[in-house]
There are 2 protein chains.
Amino acid sequence: MKHFSEISPSAERIVDVAESLIQNVGFNGFSYEDIARIVGIKKPSIHHHFATKAELVTVLTQRYTHRFREQLLHVEAGNRNPLERLRAYAQLFEATYATQQRLCLCGMLGAEIDTLPESINAEVKRFFKINLEWLRDIITTGQQQQLLKTMPAEEMAMLFIGALEGSMVVGRGMNSDHGPQKAAKTLLDCWTV
Amino acid sequence: MKHFSEISPSAERIVDVAESLIQNVGFNGFSYEDIARIVGIKKPSIHHHFATKAELVTVLTQRYTHRFREQLLHVEAGNRNPLERLRAYAQLFEATYATQQRLCLCGMLGAEIDTLPESINAEVKRFFKINLEWLRDIITTGQQQQLLKTMPAEEMAMLFIGALEGSMVVGRGMNSDHGPQKAAKTLLDCWTV
DNA sequence: GTCTATACTTGGATAGAC
DNA sequence: GTCTATCCAAGTATAGAC
């Protein structure tokens, strides 16, 4: 399996398009033909870069998680306060949703998980694991600094990411702009001491 | 378009199977062939009952919302306390999730909304609208009785249903049993005065 | 790296017999 | 209400030329 850091510029354009397609229509909602049309090439050219759809999406999800981790570092670097970090974290989801009501890639794939190749499932699982651990640590720090209510940090982390993911699903379902940012604001208003 | 209350027993079995398929694999994840195999009939027999997939799923979603409303009445009848009502409401989602990690039908369809016929989209929207209004009223009552924190009830309603929907998506993505019930518990622990 | 041509399968849908 | 037979389009994938 290819690694996302070793792909050519052409392959990268394919990955970019495929990623946004999944966020809007899901794994089962797009085809190589759709990518081909948008990128401006033919179907077999995509197979040259990614032999199967499973491989394409696996690589793409690895890249997504990698970039997300980089953004987490950026959130940490730009914000000292745990509360500000949580707000900045929510902004990552808001930025996604603000772009054509895109869902979190792994949120969409999570919903479709029963239809996906195992290599993708493992990546989705890893994405959430990383996020939950990061959130748990930030929340724990916030509690130690008495900025956040004292409750099990693991539960709060699950609630936080679930609320962000869910706000996008419900927001899309209603064609509403009420998304992750508002959800996070309301939740943090409950959590701040 | 057929109405769900007028369908024959055979049609009802088809709707039952299609409903659970959507909850597990999404609109784009199943075919008439899948339904046929599970029900034990042939593809064209399904077309006899529902000319198109769009019609089948539209009717099915109408039935889902109708049944959900009935359950809301049941929740109201069985619980006087607004807090208990919210807990019982969350249990509706938990019961779904506990069955093979099924998602809320409209949560799944909401994620796929860009790929669906407009007649389905309208039903999904209606489902969420009904739920949000119901939640808002319960929450408002809870606030009047000083059982719940005072915050904008509309925002709390969005957060509540979003957290439930999202807990299922994340829970599936991680293959975890951490679902709606735990999310609701954590959230209500924040909301109770 | 991209193309044309093609193979094979599945998916949605229809016609018409029983 | 269900079946067989069939149609057509789309989806995934491969072979081989440029």
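Worth saying up front: this structure is predicted, and the values here are computed from it rather than measured. Keep in mind that the numbers below use all heavy atoms, side chains included, and drop hydrogens, waters and symmetry copies. Lettering of chains follows the sequences in order, A, B, ..., and the numbering in each one begins at 1.
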Please output the side-chain donor-acceptor pairs of residues 149-162 of chain B that fall under 3.5 Å, not counting sequence neighbours, one pair per line with the distance.
unit_1   : atom_1 : unit_2   : atom_2 : d
B:Lys149 : NZ     : B:Cys190 : O      : 3.4
B:Glu155 : OE1    : A:His178 : NE2    : 2.9

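- Regarding B:His48, its NE2 atom lies at a distance of 16 Å from the P atom of D:dT4, rounded to whole Å.
- A salt bridge between B:Asp16 and B:Arg13 is absent, with no side-chain N of the basic residue lying under 4.0 Å from a carboxylate O of the acidic one.
- The CD1 atom of B:Ile35 sits 16 Å away from the C1' atom of D:dT2 (whole-angstrom rounding).
- Residues passing the salt bridge (charged side-chain N to carboxylate O under 4.0 Å, His left out) test with A:Lys2, sequence neighbours excluded: none.
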May I have the list of side-chain donor-acceptor pairs in residues 91-98 of chain A shorter than 3.5 Å, sequence neighbours left out?
unit_1  : atom_1 : unit_2   : atom_2 : d
A:Glu94 : OE1    : A:Gln181 : N      : 2.8
A:Thr96 : OG1    : A:Leu92  : O      : 3.2
A:Tyr97 : OH     : A:Gln101 : NE2    : 3.3
A:Tyr97 : OH     : A:Gly171 : O      : 3.4
A:Tyr97 : OH     : A:Arg172 : N      : 3.3
A:Tyr97 : OH     : A:Ser176 : O      : 2.6

Ignoring hydrogens and angles, write down the donor-acceptor pairs under 3.5 Å from the side chains of residues 39-47 of chain B, residues two or more places apart or on other chains.
unit_1  : atom_1 : unit_2  : atom_2 : d
B:Ser45 : OG     : B:Lys42 : O      : 3.4
B:His47 : ND1    : B:Ala51 : O      : 2.9

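- At whole-Å resolution of the value, NZ in B:Lys42 and C1' in C:dG12 are 17 Å apart.
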(request) Give the B/S/- string for nucleotides 9-18 of chain D, one per nucleotide from 5' to 3', where a protein heavy atom under 4.0 Å of the base yields B, of only the sugar-phosphate yields S, and otherwise -. (result) --SBBBB---

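- Within the structure, a side-chain polar atom (N or O) of A:Ser45 is placed less than 4.0 Å from OP1 or OP2 of C:dC3.
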Distance-only donor-acceptor pairs under 3.5 Å for side chains of residues 67-79 of chain A, two or more places apart:
unit_1  : atom_1 : unit_2   : atom_2 : d
A:Glu70 : OE2    : A:His66  : NE2    : 3.2
A:Glu76 : OE2    : A:Trp134 : NE1    : 2.8
A:Asn79 : ND2    : A:Val75  : O      : 2.9

